[in-house]
Amino acid sequence: MKIQDLLSSPNICDMMDSESLSSLGFKLLEEVNMDLTSRLDWESRNEQANKLALQVVEKKSFPWPGASNVKFPLITIAAMQYHSRAYPSLISNNEVVKCRVYGVDETGEMHKRADRISRHMTYQILEEDESWEENQDRTLLVQAIAGTAIKKSYFDPIKGHNVSELVLPNDFIVNYYTKTIADSPRVTHRIFLSANDLHERTIRGVFREVEGQQFPTQIQQTLLQSAKDQAQGVYQQTGDPDTPYEFYEIHCWIDLDEDGYKEPYIVYLRRDTGIIYRIVARYFENNIEYSDGKIVRINPEQYFTKYGFIPTPDGGFYELGFGNLLGPVNDSINTIVNQLIDAGTMSNTGGGFLGRGVKIKGGDYTFKPMEWKRVDSTGDDLRANIFPLPVREPSPTLFQLLNLLINYGERITGATDIMVGINPGQNTPAETSRNAVEQGMKVFNGIYKRTWRSMKEEFQKLYRLNQLYLPAEPVEFEYNSELSFVMPEDYVMDMKLVKPAADPNVVSESQKIMQAQAVLQLAGTTPGFNMYEVQKRYLDALKVSGIEQILPDPKGPNAIPPAPNPKLVIEQLKTQERQMN
């Protein structure tokens with residue numbers, strides 16, 4: 001096959017015979033199964049982490065059926081603490097994307113272009129892609145618990161705009177040797193398509209038509225899927241007519257032109273049958289580097305962004321989350337709590353041994369409140385023939401150990417009492433409390449910066465999609481109740497200039513307000529500040545809505561005209577008085 005034909009083909013399957021497709025499908029399916037096998041231990045650990053985070057109650061038969069089975073919410077509290085700080089800091093008011101400008105801009109045209117890009121991409125994220133903010137909300141929680149969350153950014157031709165959706169780590173399969181997504185030899189996204197979805201893609205020509213298409217079989221259950229079903233209390237039923245088709249979207253390298261260099265492609269493979277429905281190039285002509293007419297390197301288009309939590313010391317792909325860090329500690333806390341409750345149950349309910357001298361009528365020997373039982377024995381016989389079971393009270397040593405584990409678990413997560421809003425005490429100095437909060441925020445600052453970095457990488461992918469798929473004519477959109485526009489040539493700037501509008505160093509709202517107040521005070525005493533921008537940032541830190549109506553841009557359409565010169569007004573009044581006289 002020629003490289004130009006491969007680039008222009010909407011489905012390379014039409015250029016291949018059935019035997020080649022069958023052989024390639026079998027080979028890719030085997031490789032994906034190898035990737036799944038290589039991460040079985042990781043799936044097992046994350047299954048336990050999900051059960052702890054979702055408070056899944058399992059039946060216990062030890063030390064007796066129905067024994068205490070409390071799940072202490074250590075991981076849940078930690079994930080909620082991180083999420084409650086990162087979510088409002090990353091998505092604040094109506095500004096999410098910011099485009100920087102480097103170098104000298106004498107005409108101001110570069111800043112205008114950067115402002116148009118910032119407005120347009122913010123509109124695309126918050127208004128055009130209505131599910132983006134919900135997906136980002138879920139991403140932060142999955143990232144905190146599992147340690148790794150994936151966002152997939154692509155242009156949806158059916159919806160007609162860019163889409164950035166969450167991919168759960170369970171549905172994102174990577175090769176064992178993967179360190180980063182960009183350098184991975186193969187990444188796989190497990191997707192589910194209904195019968196209508198498959199029919200639509202076939203009619204539109206996206207998928208090739210397969211003769212004798214089989215109905216989908218029962219979806220293969222993974223450990224993480226089983227944990228999710230158990231947490232939600234739902235179970236897959238056999239013979240369901242609405243069972244979706246399970247597909248593997250494989251981003252891999254295949255040498256189709258047989259020049260010795262593998263090219264990047266996307267292959268859509270059905271899991272239960274191994275049939276390939278589509279192959280499409282993952283590169284463009286300008287991604288290819290030639291030397292003496294031969295391909296030297298191809299830079300593939302990237303669709304996936306990894307949101308990592310805490311990098312693993314061994315450099316592996318899947319990073320550490322609170323589920324991995326706190327799982328063993330949480331299990332120990334659960335064990336101690338349940339032992340204390342079981343000991344209290346035994347101590348309160350009692351029990352023991354009855355001798356032969358106790359003459360009690362048949363029936364239940366246990367007591368209920370306000371209940372008396374008739375016996376044929378004297379008090380001395382009862383006292384001599386009833387021996388209570390020697391049961392200890394709940395151990396104070398276990399309770400001390402429980403407090404120790406909880407305290408150190410909170411140190412790992414930064415979710416100490418003062419960090420969750422509990423009053424440290426009436427006599428605690430304010431400066432001491434502020435310093436304690438600041439030190440506690442250090443735990444979140446490092447994680448928050450990694451999240452900010454991943455968010456910047458996602459925005460750069462969306463910027464690249466605009467370079468490729470934006471219409472040739474100007475695009476009009478509404479931003480903050482104003483009609484704005486963006487030109488296709490605006491996206492010729494380097495995509496590395498795009499970043500989140502959030503400050504990577506400010507996590508809490510109090511930090512943001514204190515910073516804005518300090519800048520406002522300094523601007524009031526020192527000349528040279530842009531007072532409009534200073535006041536706008538202060539109002540933004542206070543989360544005031546409709547800033548443009550309260551403080552309009554002096555250079556914008558709603559700018560308030562400058563006040564007239566008072567001396568000129570006085571002279572005009574004097575002139576009017578003379579005319580009246």
Side-chain angles (χ1 to χ4, degrees), residues 86 88-129 132-133 136 151 153 162 164 182 299 302 305-307 445-446 448-470 474-475 477 479-480 482 484-507 511-512 515-516 518-519 522-523 528-541 547-548 551 553-556:
S89 298
L90 290 169
I91 307 173
S92 178
N93 291 340
N94 293 326
E95 191 177 20
V96 181
V97 185
K98 195 73 174 176
C99 189
R100 296 175 292 182
V101 174
Y102 289 135
V104 180
D105 184 17
E106 296 179 352
T107 62
E109 188 59 36
M110 293 178 63
H111 280 84
K112 292 180 181 178
R113 180 185 297 175
D115 185 60
R116 288 197 296 268
I117 293 174
S118 302
R119 287 168 171 259
H120 181 240
M121 291 191 64
T122 300
Y123 163 77
Q124 285 182 312
I125 287 173
L126 296 182
E127 303 295 337
E128 201 170 52
D129 185 7
W132 182 88
E133 189 170 350
Q136 191 69 13
K151 291 292 288 293
S153 305
N162 297 337
S164 195
N299 296 314
Q302 301 294 338
T305 304
K306 183 176 81 167
Y307 279 75
N445 283 342
Y448 176 72
K449 283 188 176 183
R450 295 185 201 105
T451 305
W452 186 90
R453 191 170 62 225
S454 299
M455 202 169 173
K456 180 175 71 171
E457 185 180 342
E458 179 189 346
F459 289 165
Q460 290 172 0
K461 290 182 174 63
L462 294 174
Y463 183 94
R464 172 62 175 164
L465 292 174
N466 285 334
Q467 285 183 336
L468 296 172
Y469 300 106
L470 205 65
V475 178
F477 59 94
Y479 180 83
N480 284 346
E482 293 182 8
S484 303
F485 71 95
V486 69
M487 308 290 291
E489 52 268 24
D490 288 341
Y491 283 93
V492 298
M493 299 175 66
D494 186 2
M495 66 180 182
K496 293 183 179 179
L497 300 178
V498 179
K499 66 172 186 177
D503 190 339
N505 301 306
V506 177
V507 181
Q511 283 180 308
K512 192 173 182 179
Q515 186 185 73
V519 174
L522 184 61
F529 281 80
N530 183 347
M531 291 305 299
Y532 166 72
E533 191 64 31
V534 170
Q535 294 169 352
K536 179 184 175 184
R537 293 189 181 186
Y538 181 66
L539 293 175
D540 181 65
I547 296 178
E548 184 62 29
L551 185 69
D553 188 352
K555 299 180 181 179

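- When the ring-ring contact (aromatic ring centres under 6.0 Å, His included) test is applied to Tyr479, no partner is found at least two apart in sequence or on another chain.
- Note on Arg537 versus Glu533: salt bridge recorded, some NZ/NE/NH1/NH2 to OD/OE distance being below 4.0 Å.
- Between Phe477 and His120, the ring planes are tilted. Angles from 30° to 60° get that label.
- Taking OH of Tyr491 as the reference point, atom CG of Leu468 lies at 12.0 Å (rounded to 0.5 Å).
- Here the side chains of Glu95 and Ser118 are not in contact, with every heavy-atom distance at 4.5 Å or above.
- The shortest non-hydrogen separation linking Asp490 to Ile117 is O-CD1, 3.2 Å.
- Taking both residues in full, the closest heavy atoms of Pro500 and Phe459 are given as CA-CE1, 3.7 Å, listed atom of the first, atom of the second, then distance.
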With side-chain contact (heavy atoms from CB on, under 4.5 Å) as the test, would you mind laying out the steps for Arg453 and Lys449 before giving the verdict? CA-CA 6 Å; Arg453 191 170 62 225; Lys449 283 188 176 183; 5.7 Å; no
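- To the nearest 0.5 Å, atom NZ of residue Lys151 and atom CD of residue Gln136 are 4.0 Å apart.
- Looking at heavy atoms from C-beta onward, Met455 lies in side-chain contact with Tyr307 at the 4.5 angstrom threshold.
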Might you work through the salt bridge (Lys or Arg N to Asp or Glu O under 4.0 Å) test for Arg119 and Glu127, ending with a clear yes or no? CA-CA 11 Å; Arg119 287 168 171 259; Glu127 303 295 337; over 6 Å; no
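- Residue pairs meeting the side chain to side chain donor-acceptor pair (under 3.5 Å) criterion with at least one partner in residues 493-502, sequence neighbours excluded, are absent.
- Two residues are said to be in side-chain contact when any heavy atoms from C-beta on lie closer than 4.5 Å; Val475 and Tyr123 fail this criterion.
- Between Ile125 and Leu462, some side-chain heavy-atom pair lies under the 4.5 Å cut-off.
- Summarising the geometry of Asp129 relative to Ser164, their closest heavy-atom pair is OD2-N, 3.2 Å, with the distance given to 0.1 Å.
- The backbone N or O of Met493 sits less than 3.5 Å from a side-chain atom of Tyr463, completing a donor-acceptor pair.
- Nearest heavy atom pair, residue Leu551 against residue Tyr532, reads O-CE1, 3.5 Å.
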Test side-chain contact (heavy atoms from CB on, under 4.5 Å) on Tyr538 and Val519 and set out the steps. CA-CA 9 Å; Tyr538 181 66; Val519 174; over 6 Å; no
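- Atoms SG and CE, from Cys99 and Met110 in turn, are 9.0 Å apart once rounded to the nearest 0.5 Å.
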Could you walk me through whether Lys536 and Asp540 satisfy the salt bridge (Lys or Arg N to Asp or Glu O under 4.0 Å) test, starting with their C-alpha distance in whole Å, then the side-chain angles of each, then the deciding distance to 0.1 Å, before giving a yes or no? CA-CA 6 Å; Lys536 179 184 175 184; Asp540 181 65; over 6 Å; no
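- The CG atom of Leu465 sits 9.0 Å away from the CD atom of Gln124 when rounded to the nearest 0.5 Å.
- Between Met121 and Asn466, the shortest heavy-atom contact is CG-ND2, 4.0 Å.
- A salt bridge links Glu457 with Lys461: the closest approach of a Lys/Arg side-chain nitrogen to an acidic carboxylate oxygen falls below 4.0 angstrom.
- Shown here for Ser89 and Ala502, the closest heavy-atom pair between the two residues is O-CB, 3.2 Å.
- How far CZ of Phe529 is from CD of Gln535: 12.5 Å, rounded to the nearest 0.5 Å.
- Remark: the backbone N or O of Ser454 is not paired with any side-chain donor or acceptor of Thr305 at under 3.5 angstrom.
- Partners of Arg464 under the side-chain hydrogen bond (donor to acceptor under 3.5 Å, both in side chains) rule, at least two apart in sequence or in another chain, are Glu301, Gln467.
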